[in-house]
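In what follows, chains carry the letters A, B, and so on, assigned in the order in which the sequence lines appear, proteins first and then strands, with residues in each chain numbered from 1.
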Protein chains: 2
Amino acid sequence: MLFCPTAFHGSEVTAMSDGSSDPSGSRDLTALFDTVEFPDAFRITYLGNAIINPVYDAIKRDFGLIRPEYTVLACLSHYPELTAQDVATISRQPRNTISRAVHRTLAEGYIERAPDPEDGRQARLRITPAGRALHKKAAAYMAARQEEVLAGLDAGERRTLGALLRKAAQYAAALRE
Amino acid sequence: MLFCPTAFHGSEVTAMSDGSSDPSGSRDLTALFDTVEFPDAFRITYLGNAIINPVYDAIKRDFGLIRPEYTVLACLSHYPELTAQDVATISRQPRNTISRAVHRTLAEGYIERAPDPEDGRQARLRITPAGRALHKKAAAYMAARQEEVLAGLDAGERRTLGALLRKAAQYAAALRE
DNA sequence: GACATATTGTTCCAAATGGAACAACATTGG
DNA sequence: CCAATGTTGTTCCATTTGGAACAATATGTC
């Protein structure tokens, strides 16, 4: 999962800036937000974790899919056909992780696999209607949580953030070190 | 690790919008950026992963610290004294993960532990000079990578992004569901 | 064709992860 | 004081993770 220097998985941070009895000196556990040496990276990962971790928990709870399995569905729901290697490349996950996820989603009937007639090494993967329906529900979870976490911004700020993220992500994707 | 719906760990995405020979239809593997149902969450996690994953790899390679171990150092370098539970709360990681990390960083001499005279259950943790020196180097890695990944924005955009992230993260931290 | 090299998907294995239960200590209410 | 309940840090264990090696297939070079 996304992890910050201090690996925020969810979102709660105890705020106790009320000057209450505090035996060990400074105890506002949110101080890291402002004192850390890389506040932008910190906040980006914090927000990312706040969005995706509860959603992945819910996807596992409600649909029985773990992260790489949903990864397969999410990729296949936006391309008519992909190989396992394609999914690994898109998602930047190891091939063996994707291989396992493909087997499980295949067994559950969420995707289907056909040998590639032009290349005996690879197989062409497609999402099934059941898989697409599941992805639709899961994507709604994610979209809803995205709104929830970013609700502190007003409409204009929200648009600005979106535009900046778009530009930054496009640049980052081209970095390809 | 931070994981997007499609779990971007690093940052490279193959761009091939050159209309080259493409047997299986649409093959621009960056399409997800624009077609995914939650583009903001997607880009936030993408950027987060692009920053932190290479850095954690480098921290492991150069200093032999894994993520939770660096988490302990990062937390302790911003507070004079914390308990293991404090670190777990701040970092939102399981207590057993932090417990292990405390043992290892203790053994390496990066932190020190003293029993709490007022509460026999807990121990007070402090960072040592060696730990602080290590954190300083690691934090420089993170800050440098942050700049690298966000270099697609100009100074003004960068400031705006920082302000929006600050506001959004503050709100998200207060969500505490 | 023959051989070296690359790629796909898989299995193996060592490490990391996190939920659950646990002992030790603390707190509360009688 | 005593019992019930809560908290801290730890251990246990099942699951997840990802690097490495592997067989099967493909490509390139001679």
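When distances are taken from the side chain of A:T97 to each of D:dG18, D:dG9, C:dG19, the shortest belongs to D:dG18.
The aromatic ring centroids of A:Y141 and B:F38 lie 6.0 Å or more from each other.
As a whole-Å value, the separation of A:K60 NZ from C:dG18 P is 10 Å. Between the CD atom of A:Q93 and the C1' atom of C:dT10 there is a distance of 17 Å, given to the nearest Å. C:dT10 atom C1' lies 13 Å from atom CD of A:Q85, rounded to whole Å. What separates CG of A:L125 from C1' of C:dT8 is a distance of 12 Å, to the nearest Å. Remark: C1' of C:dG9 and CZ of A:R124 are 16 Å apart, rounded to the nearest angstrom. Between the CZ atom of B:R67 and the C1' atom of D:dT17 there is a distance of 12 Å, rounded to whole Å. For the pair A:Y70 OH and D:dT16 P, the computed distance is 19 Å after rounding to whole Å. Put simply, CG on B:L82 is 11 Å from P on D:dG9, counting in whole angstrom units.
Annotation: side chain of A:L32 is in contact with side chain of B:I90 (closest heavy-atom distance under 4.5 Å).
Salt-bridge annotation for A:R158 and A:E147: present, with a side-chain N of the basic residue lying under 4.0 Å from a carboxylate O of the acidic one.
More than 12 heavy atoms of other residues, nucleotides or ligands lie within 6.0 Å of CD in B:Q122, so this atom counts as buried by the packing criterion.
B:N96 contributes a side-chain N or O that forms a donor-acceptor pair with the base of C:dG19 under 3.5 Å.
The residue B:I98 sits apart from the nucleic acid: no heavy atom pair falls under 4.0 Å.
Under the rule for a salt bridge (Lys or Arg N to Asp or Glu O under 4.0 Å), A:D57 has no partner lying at least two apart in sequence or in another chain.
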Next on the checklist: Under the criterion side chain to side chain donor-acceptor pair (under 3.5 Å), I'd like the reasoning laid out for B:T83 against B:D86: C-alpha separation, chi angles, the key distance, then a yes or no.
Outcome noted: CA-CA 5 Å; B:T83 66; B:D86 289 336; 3.3 Å; yes
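Here A:T83 does not reach the OP1 or OP2 of C:dT8: none of its side-chain N or O atoms lies under 4.0 Å away.
For B:S99 (side chain) and B:R95 (main-chain N/O), no donor-acceptor pair under 3.5 Å exists by modelled atom type.
Along DNA chain D, the nucleotide nearest to B:R121 and the one nearest to B:R95 differ in position, and the one closer to the 5' end is contacted by B:R121. Residues B:I66 and A:D119 each lie close to DNA chain C; by heavy-atom proximity, the contact nearer the 5' end of the strand is made by A:D119.
Shown for residues 100-117 of chain B: residues whose heavy atoms fall under 4.0 angstrom of DNA chain C, namely B:R100, B:R104.
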